[in-house]
Amino acid sequence: MIRAVKGTRDILPPASAVWNHVESVARRIFRAYNYHEIRTPIFEETALFTRGVGEETDIVSKEMYTFEDRDGGSLTLRPENTAPVIRSYIEHRMDQLPGLQKLYYIGPMFRRERPQKGRYRQFFQIGAEAIGSESPAVDAEAIEMVVEILTASGLDGFGLLINSVGCPECRPVFIAALRERLKDVASTMCRDCQRRVETNPLRVLDCKVPEDQPIIETLPSILDYLNESCKVHFEAVKRYLDERNISYTVKPRLVRGLDYYTRTTFEIVHGSLGAQNSVLGGGRYDGLAESLGSKVRAPGIGFSIGEDRLVMTVEEKHAAVDRLSLFIAPIDESKFSDCALMAREIRRSGTRVELAAPGKLKKLLEQANKAGAVDAMLVFDDHYELKNMETGEQQTLTRQELVDKFTCKKL
RNA sequence: GUGGCUUUAGCUCAGUCGGCAGAGCAUCGGGUUGUGGUCCCGAGGGUCGUGGGUUCGAGCCCCACAAGCCACCCCA
């Protein structure tokens with residue numbers, strides 16, 4: 001038996017309807033905020049990610065699906081989509097287009113991690129990037145938009161966390177100060193933290209080991225090390241959010257796993273998700289284009305929603321709303337072609353219709369019942385009857401009456 | 001990459017002391033003329049995760065592996 005490979009899964013009905021719901025809500029809101037869809041390839045040159053996401057990150061160093069192409073080149077299934085979007089922006093000289101480029105995408109990403117709740121090797125992201133401005137106003141709008149998307153999808157009880165991670169000018173100063181301080185206390189911390197001091201000192205701030213928390217409290221905060229322009233920028237983002245009545249928590253210890261982030265970073269968490277409680281992550285990446293070798297700057301801010309996790313939390317609320325409206329039951333074989341014509345006419349108006357093969361009345365009603373039909377049209381050799389499957393009520397109608405009844409429904 | 005738990009019909013799960021593979025639900029068929037859901041009868045569906053080992057005999061005991069779930073790690 002061949003099965004879906006580890007960490008991948010089939011999305012079957014009725015769950016697929018929830019996915020469609022979430023995606024159509026997102027598209028509607030993207031449109032309202034004047035974002036346009038971009039579709040980039042599923043695989044890219046490996047160098048795009050090693051240079052964009054960062055050689056030392058977990059994603060690049062141990063989670064990528066990288067393979068050799070037949071001509072010897074190295075290709076990688078995209079583990080995230082910000083670097084590809086920026087690649088596309090540069091390649092197509094979108095900096096020459098007027099104004100901000102506001103782009104969104106929906107699609108699968110690939111990371112070879114050990115699967116668990118809310119974590120898959122092929123997972124889906126709904127994301128957006130606003131490229132071409134450093135203005136904190138763009139940050140605020142992006143954050144507002146994502147809150148709108150999550151709320152409209154049916155998510156409630158989530159928390160918005162924000163932070164600023166500074167820029168290439170002030171962050172190294174902070175990291176140096178952090179390292180300095182950690183030299184003294186690291187020996188008293190957990191094994192992972194001792195390792196992080198070398199590999200990625202910022203991650204120490206994110207450690208969840210209870211015994212380490214008192215020490216972490218005493219470590220320096222990035223917010224005290226922001227230079228003047230980063231500080232002004234962060235203050236503006238917070239003020240704009242306040243003015244829009246968007247509540248958030250400043251979490252100075254919020255760090256991100258991708259190297260390209262600068263200044264604003266944010267995350268949305270939800271309690272029902274288990275250990276993988278983050279439903280969205282995002283931030284600003286003013287230097288990403290240059291690190292990909294671009295001569296033109298492309299400062300931007302973006303986010304991506306973990307669609308699998310979002311669907312998981314809203315799944316119960318959206319059960320089977322789109323029922324089968326009409327089940328057409330040809331009881332007399334000679335009326336089948338007439339049934340087919342009626343079915344097509346009604347279907348053209350957008351009504352959900354099932355046309356059964358000719359059969360015995362009892363069998364057909366059983367099928368209609370199992371299909372969850374609202375109404376069943378019984379087609380006899382000389383007349384038509386419409387049966388309400390809930391109440392059992394039945395009335396004789398003409399052909400025209402039936403067609404009218406079901407075609408005006410969804411015009 | 002590390003750890004814990006789990007794996008028997010499509011689904012949920014029983015299976016005693018090692019002795020013929022089971023139930024409920026679901027599916028399909030029947031209960032005679034044109035009426036579904038409830039009810040009654042019947043049928044199909046299994047390499048007991050895979051591969052070894054112990055034994056006269058293994059779903060059950062032992063070993064290895066795989067997959068699933070959860071947690072670490074990390075992230076969305």
Side-chain angles (χ1 to χ4, degrees), chain A residues 1-9 12 53 56-63 78-82 105-127 146 150 158 190-193 195-196 199-200 202-203 206-209 254-258 261 265-270 273-283 302-313 327 329 331-332 356 359-383 385-394 396:
Chain A
M1 245 261 281
I2 297 176
R3 301 162 40 100
V5 310
K6 187 182 180 115
T8 71
R9 57 191 181 143
L12 307 173
V53 176
E56 299 306 317
T57 60
D58 278 21
I59 291 176
V60 169
S61 64
K62 50 193 188 196
E63 295 173 2
R78 62 184 190 190
E80 61 98 51
N81 207 28
T82 297
Y105 58 85
I106 297 175
M109 307 295 157
F110 306 86
R111 293 182 200 173
R112 198 183 185 290
E113 297 181 89
R114 187 83 172 260
Q116 72 182 75
K117 183 171 182 161
R119 193 168 79 183
Y120 304 95
R121 290 182 173 183
Q122 173 176 305
F123 60 101
F124 289 78
Q125 289 191 335
I126 301 175
V146 85
L150 296 179
F158 55 82
C190 70
R191 286 188 78 86
D192 285 322
C193 281
R195 178 178 51 78
R196 290 180 185 119
T199 59
N200 191 348
L202 286 175
R203 290 234 78 90
D206 209 26
C207 177
K208 287 157 199 123
V209 175
L254 177 68
V255 293
R256 304 236 55 98
L258 291 76
Y261 284 116
T265 59
F266 57 101
E267 182 168 326
I268 286 179
V269 293
H270 194 271
L273 288 167
Q276 312 301 313
N277 68 347
S278 169
V279 74
L280 164 144
F303 60 81
S304 60
I305 298 169
E307 190 176 1
D308 305 73
R309 295 178 187 178
L310 177 57
V311 166
M312 201 188 304
T313 60
F327 184 96
I331 288 125
D332 192 282
K360 283 200 235 165
L361 178 56
K362 184 182 170 71
K363 269 277 100 76
L364 288 164
L365 277 171
E366 209 174 303
Q367 287 171 28
N369 189 54
K370 282 172 183 163
V374 177
D375 287 298
M377 185 196 295
L378 313 180
V379 182
F380 298 101
D381 56 349
D382 58 349
H383 72 292
E385 290 180 34
L386 187 67
K387 183 184 186 77
N388 181 309
M389 295 300 290
E390 309 275 288
T391 64
E393 276 172 50
Q394 212 163 309
T396 301

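All of these numbers come straight from a predicted model, not from anything done at the bench.
Between the C1' atoms of U55(B) and A43(B), the separation comes to 37 Å (whole Å). Taking atom P in both G53(B) and U8(B), the straight-line distance is 24 Å, to the nearest Å. Distance noted for atom C1' between G42(B) and G68(B): 36 Å (whole Å). Using P as the reference atom, G22(B) and G44(B) are 13 Å apart when rounded to the nearest Å. Comparing the P positions of A21(B) and U38(B) gives a spacing of 33 Å, expressed to the nearest Å. Nucleotides C17(B) and G57(B) place their C1' atoms 14 Å apart, quoted to the nearest Å. One P atom belongs to A58(B), the other to U50(B), and the distance between them is 15 Å to the nearest Å. On the C1' atoms, C60(B) is 13 Å away from A14(B), given to the nearest whole Å.
One can place CG of Asn277(A) at 14 Å from P of C74(B), the figure rounded to the nearest angstrom. The distance from atom CD of Glu366(A) to atom C1' of G31(B) is 12 Å, rounded to the nearest whole Å. The distance between atom NZ of Lys363(A) and atom P of U35(B), rounded to the nearest whole Å, is 13 Å. Between Lys387(A) atom NZ and G37(B) atom P the separation is 11 Å, expressed in whole Å. C75(B) atom C1' lies 18 Å from atom NE2 of His270(A), rounded to whole Å. Rounded to whole angstrom, the span from the CD atom of Glu385(A) across to the C1' atom of U35(B) amounts to 9 Å. Separating the CD atom of Gln394(A) from the C1' atom of G36(B) is a distance of 11 Å, rounded to the nearest angstrom. Atom C1' of nucleotide U33(B) and atom CZ of Phe380(A) are separated by 13 Å, given to the nearest angstrom.
Using a 4.0 Å heavy-atom cutoff across all strands shown, Gly282(A) reaches no nucleic acid atom at all. Among the atoms of the strands shown, none is found under 4.0 Å from any heavy atom of Met109(A). Heavy atoms of Phe327(A) sit nowhere under 4.0 angstrom from any nucleic acid atom. As judged by a 4.0 angstrom heavy-atom cut-off over every strand, His383(A) is placed among the base-contacting residues. Looking at heavy-atom distances under 4.0 Å, Gly392(A) makes contact with a base. Residue Arg3(A) is in sugar-phosphate contact alone, with no base atom involved, counting any heavy-atom pair closer than 4.0 Å across all strands shown.
Remark: the Gln367(A) side chain and the G36(B) base include no donor-acceptor N/O pair separated by less than 3.5 Å. A donor-acceptor contact under 3.5 Å links the side chain of Arg119(A) to the base of C74(B).
Contact annotation: Lys117(A) side-chain N/O to C75(B) OP1/OP2 distance is not under 4.0 Å. Residue Gln116(A) has a polar side-chain atom (N or O) positioned under 4.0 Å from OP1 or OP2 of A71(B). For the pair Lys362(A) and U35(B), the criterion of a side-chain N or O lying under 4.0 Å from OP1 or OP2 is not met.
At a threshold of 4.5 Å between non-hydrogen side-chain atoms, the residues Glu267(A) and Leu280(A) do not count as touching. When side chains are defined from C-beta on, Glu385(A) does not count as touching Met377(A), because their heavy atoms never get closer than 4.5 Å. With contacts defined as side-chain heavy-atom distances shorter than 4.5 Å, the pair Arg119(A)/Glu113(A) qualifies. Counting heavy atoms from C-beta outward, Glu307(A) and Ile106(A) have side chains that approach closer than 4.5 Å. No side-chain heavy atom of Tyr120(A) sits under 4.5 Å from any side-chain heavy atom of Pro115(A).
G1(B) and C72(B) make up a base pair, with Watson-Crick or G-U wobble contacts both under 3.5 Å. As the counterpart of G42(B), C28(B) is assigned, both hydrogen-bonding distances of the Watson-Crick or G-U wobble pattern falling under 3.5 Å. When Watson-Crick and G-U wobble pairs are counted only if both distances are under 3.5 Å, C48(B) pairs with no nucleotide at all. Taking a pair to require two hydrogen-bonding distances under 3.5 Å in either a Watson-Crick or a G-U wobble arrangement, A66(B) pairs with U7(B).
Nearer to the 5' terminus of RNA chain B, by closest-nucleotide assignment, is the contact made by Leu361(A) (compared with the other of Leu361(A) and Val5(A)). Where Asp308(A) and Lys6(A) meet RNA chain B, the nucleotide closest to each residue was compared, and Lys6(A) sits on the side nearer the 5' end.
Of the candidate nucleotides A76(B), A71(B), C74(B), A71(B) has the atom lying nearest to any side-chain atom of Arg114(A). Comparing A76(B), U2(B), C73(B) by their nearest atom to the side chain of Gln276(A) picks out C73(B). You'll find that the side chain of Asn369(A) is closest to G37(B), out of U27(B), G37(B), A76(B).
Separation of atoms CD1 (Ile305(A)) and CG (Leu310(A)) is listed at 6.5 Å; rounding is to 0.5 Å. Here the CZ-CD1 distance, from Phe266(A) to Ile268(A), works out to 7.5 Å after rounding to the nearest 0.5 Å.
Annotation: salt bridge (charged side-chain N to carboxylate O under 4.0 Å, His left out) contacts involving residues 360-374 of chain A, sequence neighbours excluded, comprise Glu366(A)-Lys370(A).
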